[in-house]
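Remarks on the structure that follows.
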2 protein chains.
Amino acid sequence: MKTERTWTISELAREFKVTPRALRFYEDRGLLSPRRDGLNRVYSVRDRGRLILILRGKRVGFPLTEIKEILDLYDLNDGERAQMQTALKKFRARAVTLESQREDLEGAIQALADGIAWLEGRLAEPAPKAGVAAARAFEQEAKRRLQDA
Amino acid sequence: MKTERTWTISELAREFKVTPRALRFYEDRGLLSPRRDGLNRVYSVRDRGRLILILRGKRVGFPLTEIKEILDLYDLNDGERAQMQTALKKFRARAVTLESQREDLEGAIQALADGIAWLEGRLAEPAPKAGVAAARAFEQEAKRRLQDA
DNA sequence: CGTACCTTTGACGTCAACGTCAAGCTCCCT
DNA sequence: AGGGAGCTTGACGTTGACGTCAAAGGTACG
């Protein structure tokens with residue numbers, strides 16, 4: 001019988017570039033619950049999986065409370081139909097905001113790309129001439145583009 | 001000669017569902033600088049445009065300091081080549097992180113869609129039978145999917 | 001004239017997500 | 001025995017983005 005791999009707190013912290021403090025904090029908020037070897041925390045493959053989900057959730061802007069709800073969903077058994085219903089509602093709502101967030105993001109990426117191109121253009125020409133006018137033009141263009149997205 | 005439309009602080013706040021306090025805060029941080037009519041703030045079309053950019057920036061996770069840098073860019077004239085250079089660097093870096101952020105976001109949307117489908121499936125069948133097993137299966141599947149993104 | 005409403009400027013409070021100590025434990029090495 | 005290295009649990013500090021009063025002034029209505 002093969003024993004599954006485990007990690008210490010600092011090993012896991014190093015791997016995911018977070019501090020041990022952060023891992024303890026997640027535990028304090030109920031997102032992780034590693035086993036103990038005496039006092040020391042022992043993180044399993046499952047704990048590590050949850051951490052991956054936590055960090056991903058954070059990167060897309062989820063607060064920890066909401067990440068916890070999602071993680072808890074995996075532990076629901078068939079008794080809790082009601083909770084599944086409410087979870088489903090929240091998930092649908094979340095999906096909607098995520099979609100609009102993606103639109104925002106794509107708009108921002110586009111605007112940034114435009115800004116970069118504009119900057120490159122201005123830096124390319126050695127003689128500053130129609131600069132201010134061009135700036136104004138870009139400003140208007142950027143604003144227009146950003147508004148009707 | 002037609003006079004351009006202006007807004008009071010609470011009008012603008014209502015329109016964009018923020019509080020007057022937030023608008024004053026943005027001003028305090030140098031992101032807005034409305035005219036004054038006596039003491040009262042008067043927001044122009046340009047101020048309103050900047051506010052739109054501010055809110056969009058916030059929605060994609062920019063801190064106010066960075067939003068300010070972007071807004072300030074529009075006011076650069078041809079003297080500040082150096083500042084344009086540094087701005088360009090920062091923008092390129094930002095573009096990279098935005099791209100990876102978009103990947104995260106798309107992964108999250110996909111995971112959420114999977115979760116929703118799974119929940120719907122479980123709620124559809126009236127007799128809870130292979131529930132826990134299915135839950136475990138989904139958990140593994142979700143984790144796998146989330147890891148190799 | 002009162003008072004109702006909107007505005008102003010401080011000043012202090014709050015909340016999330018940790019950071020930063022401090023004090024003490026255990027294990028291991030020399 | 002001494003000394004690190006790494007772990008533990010508090011407890012307090014910090015940062016960003018505002019919220020929440022308080023005190024005071026202008027404007028408008030009945």
Side-chain angles (χ1 to χ4, degrees), chain A residues 5-44 47-48 50-72 94 97 101 104 108, chain B residues 5-44 47-48 50-72 90 94 97 101 104:
Chain A
R5 164 125 204 233
T6 62
W7 292 262
T8 73
I9 192 169
S10 55
E11 283 171 350
L12 210 54
R14 244 193 318 280
E15 178 174 359
F16 293 100
K17 296 180 186 299
V18 298
T19 63
R21 174 69 177 95
L23 297 184
R24 296 194 191 100
F25 183 74
Y26 298 151
E27 180 174 349
D28 189 60
R29 295 311 171 90
L31 282 84
L32 290 176
S33 38
R35 285 178 3 239
R36 295 297 182 117
D37 174 16
L39 278 186
N40 293 10
R41 291 170 173 81
V42 177
Y43 294 87
S44 68
D47 293 322
R48 185 171 171 280
R50 291 176 72 99
L51 178 57
I52 292 177
L53 293 181
I54 291 169
L55 297 180
R56 179 176 275 266
K58 280 193 28 128
R59 282 197 301 269
V60 298
F62 283 44
L64 292 185
T65 54
E66 209 149 342
I67 298 179
K68 174 173 160 52
E69 291 180 23
I70 296 177
L71 289 175
D72 288 350
R94 249 306 172 186
T97 76
Q101 193 176 337
D104 279 338
Chain B
R5 162 126 206 231
T6 62
W7 292 261
T8 73
I9 192 168
S10 54
E11 283 170 352
L12 210 54
R14 243 192 319 279
E15 178 175 357
F16 293 100
K17 296 179 186 299
V18 298
T19 64
R21 175 68 177 98
L23 297 183
R24 297 194 191 100
F25 183 74
Y26 297 152
E27 181 174 351
D28 189 62
R29 295 312 171 88
L31 283 84
L32 290 177
S33 39
R35 288 178 0 241
R36 296 298 183 117
D37 173 15
L39 279 185
N40 292 10
R41 291 170 173 81
V42 177
Y43 294 87
S44 68
D47 294 322
R48 185 170 170 281
R50 291 176 71 99
L51 179 56
I52 291 177
L53 293 181
I54 291 169
L55 297 180
R56 180 176 273 267
K58 280 192 28 128
R59 283 197 300 268
V60 299
F62 284 45
L64 292 185
T65 54
E66 208 148 342
I67 298 178
K68 174 173 159 53
E69 291 181 24
I70 296 178
L71 290 175
D72 288 349
K90 293 191 101 171
R94 249 308 174 186
T97 74
Q101 193 176 337
D104 279 338

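A note on names: the letters A, B, ... follow the listed sequences, proteins ahead of strands, and every chain is numbered from 1. What you see is a predicted model; the values in this text were computed from it and never measured.
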Would you classify [X] as touching base, sugar-phosphate or nothing, given that sugar-phosphate means primed atoms plus P, OP1 and OP2, and contacts are heavy atoms under 4.0 Å?
X	value
B/T8	sugar-phosphate
A/P20	nothing
B/T65	nothing
B/R41	sugar-phosphate

Between [options], which one does the side chain of [X] approach most closely?
X	options	answer
A/L39	D/dT8, C/dT9, C/dC18	D/dT8
B/K58	D/dC18, D/dT8, C/dT7	D/dC18
B/N40	D/dC18, C/dT7, D/dC7	C/dT7
A/S10	D/dT9, C/dC18, D/dG6	D/dG6
A/T19	C/dG19, D/dC7, D/dA17	C/dG19

(Q) So B/E66 and B/K90, do their side chains get closer than 4.5 Å, heavy atoms only? (A) no

**Q.** Side-chain touch A/L53/A/F62, heavy atoms, less than 4.5 angstrom
**A.** no

Q.
Please check this pair: side chain of A/R50 against backbone of A/L31, looking for a donor-acceptor N/O pair closer than 3.5 Å.
A. yes

Q) Taking B/D47 for the side chain and B/S44 for the main chain, is one N or O donor matched with an acceptor at less than 3.5 Å? A) yes

(Q) Assess whether a salt bridge exists between A/E27 and A/R36, defined as any Lys/Arg side-chain N lying under 4.0 Å from an Asp/Glu carboxylate O. (A) yes

(Q) Please confirm whether the shortest side-chain N or O distance from B/R24 to OP1 or OP2 of C/dT8 is below 4.0 Å. (A) yes

Q | Presence of A/Y26 side-chain N/O under 4.0 Å of C/dA17 phosphate oxygens OP1/OP2 | A | no

Nearest-Å distance, [atom1] ([X]) to [atom2] ([N])?
X	N	atom1	atom2	value
A/Y43	D/dG6	OH	P	16 Å
B/D37	C/dC6	CG	C1'	13 Å
A/F25	D/dG13	CZ	P	17 Å
A/I9	C/dT26	CD1	P	19 Å
B/L31	D/dC18	CG	P	10 Å
B/R14	C/dC5	CZ	P	14 Å
A/R36	D/dG6	CZ	C1'	15 Å
B/E27	D/dA17	CD	C1'	16 Å

Q) Any donor-acceptor pair under 3.5 Å between the side chain of B/R21 and the base of D/dT20? A) yes

